[in-house]
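For reference, the structure discussed in these notes is given below.
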Amino acid sequence: MTQTDMTKLDKIFNNNPQSPGSLITVLQDIQREFRYLPREALEKTAEILNVPLSKVYSASTFYAVFSLKPRGEKIVRVCKGTACHIKGADIILEQLESGLGIKAGETTKDLKYTIELVNCVGACALAPVMLVNEKYYGNVRCDRVMKLVEKD
Amino acid sequence: MVNITINGKVVRATEGEMLLDVIRREGINIPTLCQHDALEPAGNCRLCMVEITRTEWDGWKKYVTSCLYPVEEGLIVSTHTSELHEIRKTILDLLLANSPHSDVLQKMAEEYGLHKTSYEPNLEGDNCIMCYACTRICEVLGKSAISPVMRGHEKVIAPPFGEEPPDCIGCLACAHICPTNVITWTDENLTRTIWKKKFELIACEKCGKATISRDFAEYLIEKRGLPKEYFNTCDDCKRVELAQKMGALVDKAKEVAL
Ligand code: FES
Ligand code: FES
């Protein structure tokens, strides 16, 4: 981690009560700031919050929002829930994987895109659904997939 | 004190005490895997299930994990009904499906007339039943070197980052407490390996036999205030030494008496 990363990390620790109870909020802040949980940050968290490293690691691997590997600027989530599955989520995923040259769960080398799978985002009426970061796209057509991803 | 009924017999128990403890005190045997006296009850294996009811429940009854159920006045408990037999059998069937190679589970299942799982067996299963006895005891010892990692069917018990656990002191508590003997270690000459981490074992000053790991001894000296010399000799030599001392005392007493 660079010096600026360290400063960012310190800021996160200073914004939270430095006790075991802050574990999840601190991890969320780190995830937001770095888009993943760098190992050194986890080690530092254990030390500052006085939580065993094993527990920090356990929480980091338990929640789907946390990632131990760097994630892309744009997280593209493809819904693979029942409704979306029936409405062709597979084809959308295919388009995406070939368009970005990575598989689900992977991140492009330039750290721009990550593909993730989710199981129902609660918008089944709009199936098939795809998310780019926080933005939802419903009734996605396979020929539009890459356009939506590259938008903005 | 409260009065409860277990299998038709009125039994006295301390309020708040766990049902399983009372049942065992009565000499009744029910299977358990995740319970251990050194641990807080966790209710992870579900095998200790019993049936409870109360007169005012009007025939209504429910099934609870006895290791986690504090006794209260008027409880009516059954430990061996045909429904309970089925429940325990199903639990063992499921555990066995995920750990078909576990001899411990096989033996327990046999007692319920189950020779092999009726589900699709997970042949790659590693016999871990996720009872967390290991991580719990490690926490009790003040170390928490290992923990559950990942979630759902991917979950395993492992050290952080899958590497040598920095907090492990090689005490073997996790390996000894594991009900299905999943956690393995090796002792070779004076080197112990567990969780891929190597530890130096202290050799007994008298007989040279390997005793406990140096890290564990140091931890006990620091945390439990045990004297340093305590770890110089092994248990056997300590016993011999004590016997010799006592023998000398007896001789002396004889001399005085004469
Ligand atoms: S299945 Fe995709 S939103 Fe429900
Ligand atoms: S002993 Fe009660 S659930 Fe395992």
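Order of the sequence lines sets the chain letters (A, B, ...), proteins ahead of strands, with each chain counted from 1.
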Atom [atom1] in [X], atom [atom2] in [Y]: separation rounded to 0.5 Å?
| X | Y | atom1 | atom2 | result |
| --- | --- | --- | --- | --- |
| A:Ser58 | B:Lys155 | OG | NZ | 8.0 Å |
| B:Thr135 | A:Lys55 | OG1 | NZ | 8.0 Å |
| B:Phe161 | A:Ser60 | CZ | OG | 7.0 Å |

Report, as yes or no, whether the 6.0 Å neighbourhood of atom [atom1] on [X] holds more than 12 heavy atoms from other residues, nucleotides or ligands.
| X | atom1 | result |
| --- | --- | --- |
| A:Asp110 | CG | yes |
| A:Leu111 | CG | yes |
| A:Arg141 | CZ | no |
| A:Tyr63 | OH | no |
| A:Glu73 | CD | yes |
| A:Lys87 | NZ | no |
| B:Asn29 | CG | no |
| A:Arg144 | CZ | no |

Shortest non-hydrogen contact from [X] toward [Y]:
| X | Y | result |
| --- | --- | --- |
| B:Ser147 | A:Ser54 | OG-O, 2.8 Å |
| B:Met150 | A:Thr61 | N-OG1, 2.9 Å |
| A:Leu53 | B:Pro166 | CD2-CG, 4.1 Å |

So what's closer than 4.5 Å to chain B heavy atoms on A:Ala64: side chain, backbone, both or neither?
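For A:Ala64, heavy atoms of backbone and side chain both lie under 4.5 Å from chain B.
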
A:Leu42 versus chain B, heavy atoms under 4.5 Å apart: side chain, backbone, both or neither?
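The answer is the side chain of A:Leu42.
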
Side chain, backbone, both or neither: which part of B:Pro159 has a heavy atom under 4.5 Å from chain A?
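Contact with chain A is through the backbone of B:Pro159 alone.
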
Toward chain A, the part of B:Glu139 with a non-hydrogen atom under 4.5 Å
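For B:Glu139, the side chain is the part near chain A, not the backbone.
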
With chain A as the partner, which of B:Cys138, B:Gly152, B:Pro148 has the greatest number of non-hydrogen pairs under 4.5 Å?
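Option with the top pair count is B:Pro148.
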
